[in-house]
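Data block below; observations after.
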Amino acid sequence: MISEHDAGSLIPPEEFPALSGERLDALCRLAETIEVNGGDRGAPIRHMCALLGDRWTKLILLVLNAAAPLRYSELQRLIWRLGKDERPISQRMLTLRLRSLERDGLVDRNVQCVMPPHVEYSLLPLGQRLNAQSDRLINWIAEHREEFIAARRELPED
């Protein structure tokens, strides 16, 4: 936990005179949260937010959550079908994303020693818990879809 003095050095009150009371306290708590959990580029909070914002990762997690265990080729075909993108995920990109998810403890890669090698992917408990949390966000987005569409109509892109 950072001290009130340290929080004040991150958000100096004299630099932001319009902020006081509850607003300044809330910003100091935010500064502390960032300092403890996401102060550097390699911090888990930054890494996981980037991971979930990636073009393919959430779709990989969703497919594995729904249908695992899956072989690599099955997973790739399902992502192609569900991705609704003009370009399907490449083998290289799928391999990179799966390795990253495996390294983060979210996905299990099970190699069976047969000829040819049989590899299946599934979610580990940490990946299942992440999916449950991100599903809440997806549901919230779906509930507010029309509001987002209306707001975008009111303020077109530059």
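Along the sequence shown, the residues carry numbers beginning at 1. The figures that follow rest on heavy atoms only: side chains count, while hydrogens, waters and symmetry mates do not.
No donor-acceptor pair closer than 3.5 Å links the side chain of N65 to the backbone N or O of L123. A donor-acceptor pair under 3.5 Å is absent between the side-chain atoms of Y72 and the main chain of L94, judged by distance alone. Put simply, the side chain of N139 gets close to the backbone of D135: a donor and an acceptor are under 3.5 Å apart.
Using a 4.5 Å cut-off between side-chain heavy atoms of Ile, Leu, Val, Met, Phe, Trp and Tyr, with links allowed through other members, L126 and L51 fall into the same hydrophobic cluster. Clustering ILVMFWY residues whenever any of their side-chain heavy atoms sit less than 4.5 angstrom apart, transitively, puts L96 in a cluster other than the one holding L70. Follow the hydrophobic side-chain contacts under 4.5 Å out from V63 and you never reach L124; the two are in separate clusters.
Annotation for I89 and W80: closest pair O-NE1, 2.9 Å, computed over non-hydrogen atoms. Between L52 and S134, the closest heavy-atom pair is CD1-CB, 4.5 Å. Shortest non-hydrogen contact noted between E120 and P69 is OE1-CB, 3.6 Å.
L78 contributes atom CG, which lies 10.5 Å from atom CD of Q76 (distance to the nearest 0.5 angstrom). Interatomic distance, CH2 of W56 versus OG of S100, reported as 16.0 Å (0.5 Å rounding). Atom CZ of residue R103 and atom NE2 of residue H47 lie 7.0 Å apart, to the nearest 0.5 angstrom. In this structure, the separation between CD1 on I79 and CD1 on I60 is 4.5 Å, given to the nearest 0.5 Å.
In this structure, the side chains of L62 and I138 come closer than 4.5 Å at one or more pairs of heavy atoms.
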Contacts table for residues 106-116: side-chain donor-acceptor under 3.5 angstrom, sequence neighbours left out:
residue	atom	partner	partner atom	Å
R109	NE	Y121	OH	3.3

Give every donor-acceptor pair under 3.5 Å between a side-chain atom in residues 146-155 and any protein atom, sequence neighbours left out.
residue	atom	partner	partner atom	Å
E147	OE2	H144	ND1	2.8

